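Okay, structure first, notes after.
Predicted model, so just to flag it, every value in this text is computed and none were measured.
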Amino acid sequence: MSNYPINMDIKPEVEAFFDPATNTISYVVKDPTSNACVIVDSVMDIDYAAGRITYDHADTMIAYIRDKGLDLQWIVETHVHADHLSAAPYIQGQLGGKIAIGDQIMVVQDTFGKVFNEGTEFQRDGSQFDALLKDGDSYKVGNMDVVALYTPGHTPACMVHVMGDASFTGDTLFMPDGGSARADFPGGDAGTLYDSIQKVLALPDDMRLFMCHDYGPNGRDIAWETTVGDEKAHNIHVGGDKSKEEFVKFRTERDAQLDMPKLIIPSLQVNMRAGVVPKDKDGNPMLKVPVNAL
């Protein structure tokens, strides 16, 4: 069983927002005893070919929060996403709230600061975020305590956020028929990912789990909610007591066959800056495309 201070009697209200362009699910999570809420893994829209950024997905979430009269207190990133851009600063500008991520963001910033040749003006200390969380850290959303679990493997900075009987897994786990996320990005590791998944599976069996992505395997409808018990029994990569050795072999072989995410270049540059688009020397929004670097 988990050693983290979990209160399954707290049952937050969860509203999901699916982005079909990136197969990302963002969440507004409300404290059941107040109007306080938190956003998990927001999306900023990009037309990569046209070089155009818009905010339709974020605006839908903002409208929902305003319509419900909610108080946004936190904007959480489960990790530095490589497949979509964060809308955190845009949402913060509209509704307030603090932007939080795991403290190992500094490892990611150091790695990709070099890849994108960012120079000394790019701070690699996580200072772009309002809060850097360590394993077991907690923060308040209204009267609800949220506990952050450090779950590296997919990236060095991944965290699962536990809010009462609901946990937001980022890319640490997918739906049972989706398995797990890749572990071949810089700083990723299949064995570490397996250990992190076991940490999640040590939570109570009836803990609700909410995914960051779903791709509708085998043609099923998009889904994003399951339970720890379901994952333990049915996850195609780790369920049924599959060993670490089995998982590492499968994950390593599978990752070698995968293409890079189509939005990895803009996503990393934006997300390691807490959702801020970088600028060139003249102050114009500008993204770099490093050649033969990723």
Side-chain angles (χ1 to χ4, degrees), residues 1-20 22-30 32 38 40-41 76 78-79 81 83 135 144 146-155 158-183 190-251 254-255:
M1 293 295 292
S2 171
N3 294 320
Y4 296 93
I6 307 300
N7 186 349
M8 295 291 289
D9 292 331
I10 297 174
K11 302 185 185 301
E13 300 170 24
V14 180
E15 188 72 20
F17 298 81
F18 178 66
D19 176 50
T22 61
N23 287 84
T24 303
I25 304 98
S26 306
Y27 299 96
V28 175
V29 189
K30 177 186 172 297
V38 52
V40 181
D41 290 334
V76 167
T78 56
H79 62 294
H81 309 276
D83 44 21
D135 186 43
M144 177 173 63
V146 181
V147 181
L149 278 59
Y150 181 45
T151 55
H154 172 61
T155 81
C158 289
M159 301 200 88
V160 170
H161 293 255
V162 183
M163 309 183 191
D165 77 336
S167 293
F168 298 83
T169 66
D171 286 5
T172 300
L173 269 176
F174 290 158
M175 293 294 289
D177 59 348
S180 61
R182 66 195 303 162
T192 302
L193 178 58
Y194 180 88
D195 293 340
S196 293
I197 291 171
Q198 299 311 307
K199 183 185 290 190
V200 177
L201 297 184
L203 295 169
D205 279 357
D206 53 349
M207 173 72 71
R208 294 182 288 163
L209 299 180
F210 292 90
M211 311 294 112
C212 182
H213 294 288
D214 188 65
Y215 303 93
N218 302 311
R220 70 151 166 77
D221 291 341
I222 298 296
W224 48 76
E225 180 179 351
T226 183
T227 65
V228 168
D230 258 357
E231 293 280 17
K232 285 163 67 173
H234 303 300
N235 185 284
I236 58 173
H237 294 171
V238 295
D241 296 322
K242 285 189 175 64
S243 71
K244 186 173 184 177
E245 291 73 18
E246 290 176 288
F247 177 81
V248 169
K249 181 177 186 297
F250 166 80
R251 189 70 268 169
R254 173 64 177 149
D255 290 349

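- For the side-chain contact (heavy atoms from CB on, under 4.5 Å) with L209, the lone residue among V160, T227, V200 that qualifies is V200.
- Under a 4.0 Å N-O distance rule, the pair K199/D135 qualifies as a salt bridge.
- At a threshold of 4.5 Å between non-hydrogen side-chain atoms, the residues V162 and M207 count as touching.
- Partner H213 forms a side-chain contact (heavy atoms from CB on, under 4.5 Å) with one of D41, D171, T169, D19 and no other, that one being D171.
- Looking at S196, its side chain does come within 3.5 Å of a backbone N or O of P152 through a donor-acceptor pair.
- The shortest non-hydrogen separation linking T78 to V40 is CG2-CG1, 3.9 Å.
- Of the charged side-chain nitrogens involved, at least one lies within less than 4.0 Å of a carboxylate oxygen, so that K244 and D195 count as a salt-bridged pair.
- Pairing each heavy atom of F174 with each of M211, the nearest pair is C-SD, 3.2 Å.
- The structure places CD1 of I197 at 6.5 Å from CG of N235, a figure rounded to the nearest 0.5 Å.
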### Stepwise side-chain contact (heavy atoms from CB on, under 4.5 Å) check, L203 with S167
CA-CA 9 Å; L203 295 169; S167 293; 3.8 Å; yes
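- No side-chain donor-acceptor contact under 3.5 Å links R251 to the backbone of L193.
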### Message
With side-chain contact (heavy atoms from CB on, under 4.5 Å) as the criterion, how do V14 and R208 come out once you've worked through the C-alpha distance, each side chain's angles and the decisive distance to 0.1 Å?
### Response
CA-CA 10 Å; V14 180; R208 294 182 288 163; 4.2 Å; yes
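- For the pair F17 and V28, the minimum side-chain heavy-atom distance is below 4.5 Å.
- The stretch residues 217-228 participates, sequence neighbours left out, in these salt bridge (Lys or Arg N to Asp or Glu O under 4.0 Å) pairs: D177-R220, D214-R220.
- The closest side-chain heavy-atom distance from F168 to V76 is not below 4.5 Å.
- Y150 is linked by a ring pair (Phe, Tyr, Trp, His ring centres under 6.0 Å) to nothing, counting only residues two or more places apart in sequence or in another chain.
- Using a 4.5 Å heavy-atom threshold, the side chains of I10 and P32 count as touching.
- For G178 against H237, the heavy-atom pair with the smallest separation is O-CE1, 3.8 Å.
- Residues P12 and K30 form no side-chain contact, since every pair of their non-hydrogen atoms from C-beta on lies 4.5 Å or further apart.
- Separation of atoms CG (N23) and SG (C212) is listed at 10.5 Å; rounding is to 0.5 Å.
- A pairwise comparison of heavy atoms in H154 and A181 identifies ND1-CB, 3.7 Å as the closest pair.
- By the 4.0 Å N-to-carboxylate-O rule, D165 lies close enough to K11 to be salt-bridged with it.
- A heavy-atom distance below 4.5 Å is not found between the side chains of S180 and R254.
- Closest of all the heavy-atom pairs between G153 and A183 is O-CB, 3.6 Å.
- Inspection of the T155 and H79 side chains reveals no N or O donor paired with an N or O acceptor under 3.5 Å.
- In terms of heavy-atom proximity, Y215 sits nearest to D83 at OH-OD2, 4.0 Å.
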